[in-house]
Amino acid sequence: MTDWTPPLILGRDHCPHGHMTLVSQVADAFERLNLPDADTRDDTRDNTRADASTDASTENAWVLTRHPQSEPAPPLLELVRPDGVKLSIDFSSGKARHRASEAGKGIQPLARALGLTAFRKRTGAMPRVIDATGGLGQDAWALATLGVDMTVIERHPIVHALLDNALERAVAEPATRDTATRVRLLHGQAERLLPTLESDVIYLDPMYPERRRKKAGSRKGMQFLHALLGPPGDDGNDTLLSAALSSGARRVAVKRPRGAELLAGSEHWQGQRTSVESPNTRYDVYHLPGL
């Protein structure tokens, strides 16, 4: 595996303290991270002769910034790289809004892999779905727009905070409030949380190397995730798949690049497995008894 060092992350808060009472969820998430203050680091570096290595690391630091918005909207969390490139998550615009406005057309291969229509015909309701590899939350949000109650697990605290912020801002918007209330966000390792949760279907989307021809917006998001979480690989995927298959869910769907090998750990599977393909993606579906 390629050597990887996670970035140093500092915090910068532009929100007045009086605003925090209106946005306790975002305030708590920001302060729970307990990041070193970027402005304090800047002041220290300007007024003292800091060690050269400390200066270099601070200059290369990433900054999670909380920006005030017009009340009563929650503040915006934004992660900024040293080169000035910024990442925030917004479920009311961009790709997320486009997929929702298409009435689920772009999510249909995944919907088939999760068995949404078959489950609804048999039970009269949508299945309870866990997205065990939350990432930027685009798939989970698209599924929620179809009426699915989603539980999203994200292991990285910064990515979790960005998702948490996006959901709270979506709750504050009348157009996205209903969808946002169908998403429950959890922070932790999926392998540990899955045995404690009830679900009908589990969705896994482990990171894999991005393709060169992906759109620029997708590249930026994946670049941030790779830098925060480390290079994609099969380390731990066998444990993740095993936890999903033994969780009590009746279906597990795994997103893979089209033409890629099965996820690590699948060689131990003795049950039925099918696949759903789209132009660039394949969903491997593991069927367990009862669904």
So, taking the atom named OG in Ser242 and the one named CG in Leu263, what distance separates them when rounded to the nearest 0.5 Å?
11.0 Å

Leu262 versus Val254: any side-chain heavy-atom pair under 4.5 Å?
no

Residues forming a side chain to side chain donor-acceptor pair (under 3.5 Å) with Arg177, sequence neighbours excluded
none

For His187 and Arg155, indicate whether the former's side chain and the latter's backbone hold a donor-acceptor pair under 3.5 Å.
yes

Return the CZ to CD distance between Arg251 and Gln272, rounded to the nearest 0.5 Å.
8.5 Å

Do the non-hydrogen side-chain atoms of Tyr283 and Ser275 ever get within less than 4.5 Å of each other?
no

Is there a donor-acceptor pair under 3.5 Å between the side chain of Asn165 and the backbone N or O of Ile89?
no

Please report the closest heavy-atom contact between Ala144 and Thr179, naming both atoms and the distance.
CB-CG2, 3.6 Å

If hydrophobic clusters are built from ILVMFWY residues whose side chains come within less than 4.5 Å, do Val171 and Leu163 share one?
no

d(Leu76 CG, Asp90 CG) to nearest 0.5 Å is 8.0 Å

Rounded to the nearest 0.5 Å, what's the gap from OG1 on Thr196 to CG on Leu186? Could you check?
8.0 Å

Any idea which heavy atoms bring Ile202 and Ala244 closest together, and the distance?
CD1-O, 3.7 Å

With side chains defined as the heavy atoms from C-beta onward, is the minimum distance between Arg184 and Leu197 less than 4.5 Å?
yes

Side-chain donor/acceptor pairs under 3.5 Å, residues 109-121, sequence neighbours excluded:
none

Taking side chain to side chain contact (heavy atoms under 4.5 Å, CB included) as the criterion, tell me which of Ile130, Val183, Leu143, Asp139 meets it with Val152.
Val183

Please identify each residue that fulfils ring-ring contact (aromatic ring centres under 6.0 Å, His included) with His156, with sequence neighbours left out.
none

Mark yes or no for whether Arg256, through its side chain, and Glu261, through its backbone, hold a donor-acceptor pair below 3.5 Å.
yes

Atom OG of Ser247 and atom CG of Leu193: how far apart are they, to the nearest 0.5 Å?
12.0 Å

Separation between CG of Asp131 and CG of Leu185, rounded to the nearest 0.5 Å:
10.0 Å

Would you please classify the geometry between the Trp141 ring and the Phe91 ring as parallel, tilted or perpendicular, with 30° and 60° separating the classes?
parallel

Minimum heavy-atom distance between Ala180 and Leu167, given as atom pair plus value
CB-O, 4.0 Å

Side chain proximity check, Leu79 to Leu228, heavy atoms < 4.5 angstrom:
yes

For Glu198, what residues pass the side chain to side chain donor-acceptor pair (under 3.5 Å) criterion, not counting sequence neighbours?
Arg128

I'd like to know if Leu10 and Val80 are part of one continuous hydrophobic network [Ile/Leu/Val/Met/Phe/Trp/Tyr, side-chain heavy atoms within less than 4.5 Å].
no

Mind checking side chain to side chain donor-acceptor pair (under 3.5 Å) for Asp149 and listing every partner two or more places apart, or none if nothing turns up?
none

Shortest non-hydrogen contact from Ala142 to Ile107?
CB-CD1, 3.8 Å

Closest heavy-atom pair and its distance - Ile9, Leu35
O-CD2, 3.8 Å

Spell out, as yes or no, whether a donor-acceptor pair under 3.5 Å connects the side chain of Thr133 to the backbone of Leu204.
no

Within the structure provided, determine whether Leu77 and Asp164 are in side-chain contact (heavy-atom separation under 4.5 Å).
no

Exercise: do His14 and Thr65 side chains pair donor with acceptor under 3.5 Å
no

Under the rule for salt bridge (charged side-chain N to carboxylate O under 4.0 Å, His left out), what residues qualify as partners of Glu173, not counting sequence neighbours?
none

Over all atoms of both residues, closest heavy-atom pair of Phe224 and Lys86
CZ-C, 4.0 Å

How are the rings of Tyr286 and Trp269 set to each other: parallel, tilted or perpendicular (split at 30° and 60°)?
perpendicular

Go through it in stages, so that I can follow the logic: the residues are Leu245 and Leu288, the test is side chain to side chain contact (heavy atoms under 4.5 Å, CB included), and I'd like the CA-CA distance, side-chain angles, deciding distance and then a yes or no.
CA-CA 8 Å; Leu245 293 174; Leu288 292 97; 4.2 Å; yes

For Pro289, is there any backbone N or O sitting under 3.5 Å from a side-chain donor or acceptor partner on Arg250?
yes

We want to know whether Arg169 and Gln69 form a side-chain donor-acceptor pair, criterion being a heavy-atom distance below 3.5 angstrom.
no

